[in-house]
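Everything on this sheet refers to the single structure shown next.
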Amino acid sequence: HIADPGVASSHLATEAAKAVLSKTNTDPAEIGLIVLASVTPDMLFPATACFVQKKIGATNAACLDISAACAGFIFGLEIAQQFITSHTYDTVLVIGADKLTSITNWTDRNTCVLFGDGAGAAALRHRGSPHGVISTHIGSDGQYTNILFMPGGGSRCPITRENVDMNLVTIHMTGKEVYKQAVIAMLNAAKKALELAGLSIDDIACVIPHQANLRIMEAIADRLGISRDKMFVNLDRYGNTSAAAVAIALDEANRTKRIKPGDYVLMVVFGGGLTWASTVIEW
């Protein structure tokens, strides 16, 4: 899925935000915080979350962007949960939105066939029942910043007239090393979230991994000891949409009745940074 020219991450994020506000009957004025995860912000500043705030009329919300690559949505969930459990905010809107095709090198067959554009959102509220986020684990390893990154566009390497044709503002990836690290990190993160939740993999009704690579997902399923039909996959239809991927997959799993109220769902993700995250939710 490739967004049209002129469509920015904030446009995708706004559509997802409007959909979740409608589905949950949430008044935009109730939102205390908007957390938007993206590696393709509309611009370096202001935050893309501020553009979304304006578009949906969330006049009472504080806004912030986070950059945790493909792990961004679950990082955002944990940030939201902390603000909610501290009673700082009652309602937090979490969005994962990326237009990866805007930073894709279309001459690099190792990467250009992988990515898509999209957004997904969730509204989190404080409530007394045990449903919702049960456990979350997030982590990073800066030793591997050089295997999945975009070298240009920041203060380290500003884009100049001289280097504009060097594909510096595109995704660079060492595929074999990313695969290796992704399997290790996602497996460990999944186990940690289960441990924190006091659950076993047998208690999980649906596993939603980051939609990056089918071989990675199959390796995770094998190592967790679950059948492939317990693993939700929509990679074949959307590609890797980065921070949006698990949010889109969670929404689809719900709408297609793959999960039902009371089910435990395990989401586990991995991205550049390196970053990884996992969460167990009770639907």
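The structure presented is a predicted model; accordingly, all values stated were derived computationally and were not measured.
Side-chain contact between Phe232 and Glu252: present, with at least one pair of heavy atoms (C-beta onward) separated by less than 4.5 Å. Looking at Trp283 and Ile281, their side chains come closer than 4.5 Å, going by heavy atoms from C-beta outward. The shortest distance between side-chain heavy atoms of Ile56 and Lys18 falls below 4.5 Å. Counting heavy atoms from C-beta on, the side chains of Thr279 and Gln81 never come closer than 4.5 Å. Contact check for Val207 versus Ile204: side-chain heavy atoms found under the 4.5 Å cut-off. In this structure, the side chains of Ile34 and Leu64 stay at 4.5 Å or more apart for every pair of heavy atoms. Taking 4.5 Å as the limit, every side-chain heavy atom of Ile220 sits out of range of all side-chain heavy atoms of Met217. Using a 4.5 Å heavy-atom cutoff, the side chains of His126 and His87 are in contact.
Of the inter-residue distances, the one linking Ile79 atom CD1 with Ile74 atom CD1 reads 12.5 Å to the nearest 0.5 angstrom. If you take CG on Leu194 and CD1 on Ile134, they are separated by 12.0 Å, rounding to the nearest 0.5 Å. Once rounded to the nearest 0.5 Å, the distance linking CD1 of Ile147 with NZ of Lys176 reads 14.0 Å. Residue Ile103 holds its CD1 atom at 4.0 Å from CD1 of Ile171, rounded to the nearest 0.5 Å. Rounding to the nearest 0.5 angstrom, the gap separating the CG atom in Asn167 from the OG1 atom in Thr107 is 5.0 Å. Tyr264 contributes atom OH, which lies 4.5 Å from atom CD of Glu282 (distance to the nearest 0.5 angstrom).
Looking only at distances, no side-chain donor or acceptor of Glu78 sits under 3.5 Å from a matching main-chain atom of Phe75. In this structure, the side chain of His1 engages the main chain of Arg237 through a donor-acceptor pair within 3.5 Å. No donor-acceptor distance shorter than 3.5 angstrom exists from the side chain of Asn254 to the backbone of Asp251, with no hydrogens or angles considered. The closest donor-acceptor contact from the side chain of Thr160 to the backbone of Asn163 lies under 3.5 Å. Of the possible donor and acceptor atoms, none in the side chain of Asn60 sits under 3.5 Å from a partner among the backbone N and O of Gly32. Side-chain N or O atoms of Asp98 include none that pairs as donor or acceptor with a backbone N or O of Leu100 at under 3.5 Å. Of the possible donor and acceptor atoms, one in the side chain of Asn213 sits under 3.5 Å from a partner among the backbone N and O of Ile216. Counting only distance, with no hydrogens or angles, the side chain of Ser22 and the backbone of Ala19 share no donor-acceptor pair below 3.5 Å. In this structure, Thr275 contributes its side chain and Ser140 its backbone to no donor-acceptor pair below 3.5 Å. Judged by distance alone, with hydrogens and angles left aside, the side-chain atoms of Gln53 form no donor-acceptor pair with the main-chain N or O of Cys63 at under 3.5 Å.
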For this session: Starting from the C-alpha separation in whole Å, work towards a yes-or-no answer on side-chain contact (heavy atoms from CB on, under 4.5 Å) for Met231 and Ile226.
Result: CA-CA 8 Å; Met231 185 87 69; Ile226 61 171; 4.1 Å; yes
Problem set entry | Derivation of the side-chain contact (heavy atoms from CB on, under 4.5 Å) call for Leu77 and Thr136 | CA-CA 9 Å; Leu77 286 181; Thr136 306; 5.8 Å; no
For this session: Go through the steps to decide whether Gln181 and Phe270 satisfy the test side-chain contact (heavy atoms from CB on, under 4.5 Å), and finish with yes or no.
Result: CA-CA 9 Å; Gln181 297 301 327; Phe270 172 88; 4.0 Å; yes
For this session: Take Ile259 and Leu250, measure what side-chain contact (heavy atoms from CB on, under 4.5 Å) needs, and give me the verdict at the end.
Result: CA-CA 9 Å; Ile259 53 177; Leu250 179 63; 3.9 Å; yes
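A salt bridge links Asp222 with Arg228: the distance from a Lys NZ or Arg NE/NH1/NH2 to an Asp or Glu carboxylate oxygen falls below 4.0 Å. Remark: Lys99 does not engage Asp42 in a salt bridge, criterion side-chain N to carboxylate O under 4.0 Å.
The two residues Leu33 and Phe83 have their closest heavy-atom pair at CD2-CD1, 3.5 Å. Across all their heavy atoms, Val183 and Ala219 have their closest contact at CG2-CB, 4.0 Å. Taking every heavy atom of both residues into account, Pro41 and Asp65 meet most closely at CB-OD2, 4.3 Å. Residues Ser278 and Ala193 share a closest heavy-atom pair of OG-CB, 3.3 Å.
A cation-pi contact, defined as under 6.0 Å to the ring centre and within 45° of the axis, links Arg215 to Tyr179.
If you check the side chains of Asn240 and Gln211, you find no donor sitting under 3.5 Å from an acceptor. A donor-acceptor contact closer than 3.5 angstrom links the side chains of Thr40 and Ser9. Residues Thr170 and Asn105 bring no donor and acceptor atom of their side chains to less than 3.5 Å of each other.
With a 6.0 Å radius and a threshold of 12 heavy atoms from other residues, nucleotides or ligands, Asp90 has its CG atom at or below the threshold. The local environment of CZ in Arg255 is crowded, with over 12 non-hydrogen atoms from other residues, nucleotides or ligands closer than 6.0 Å.
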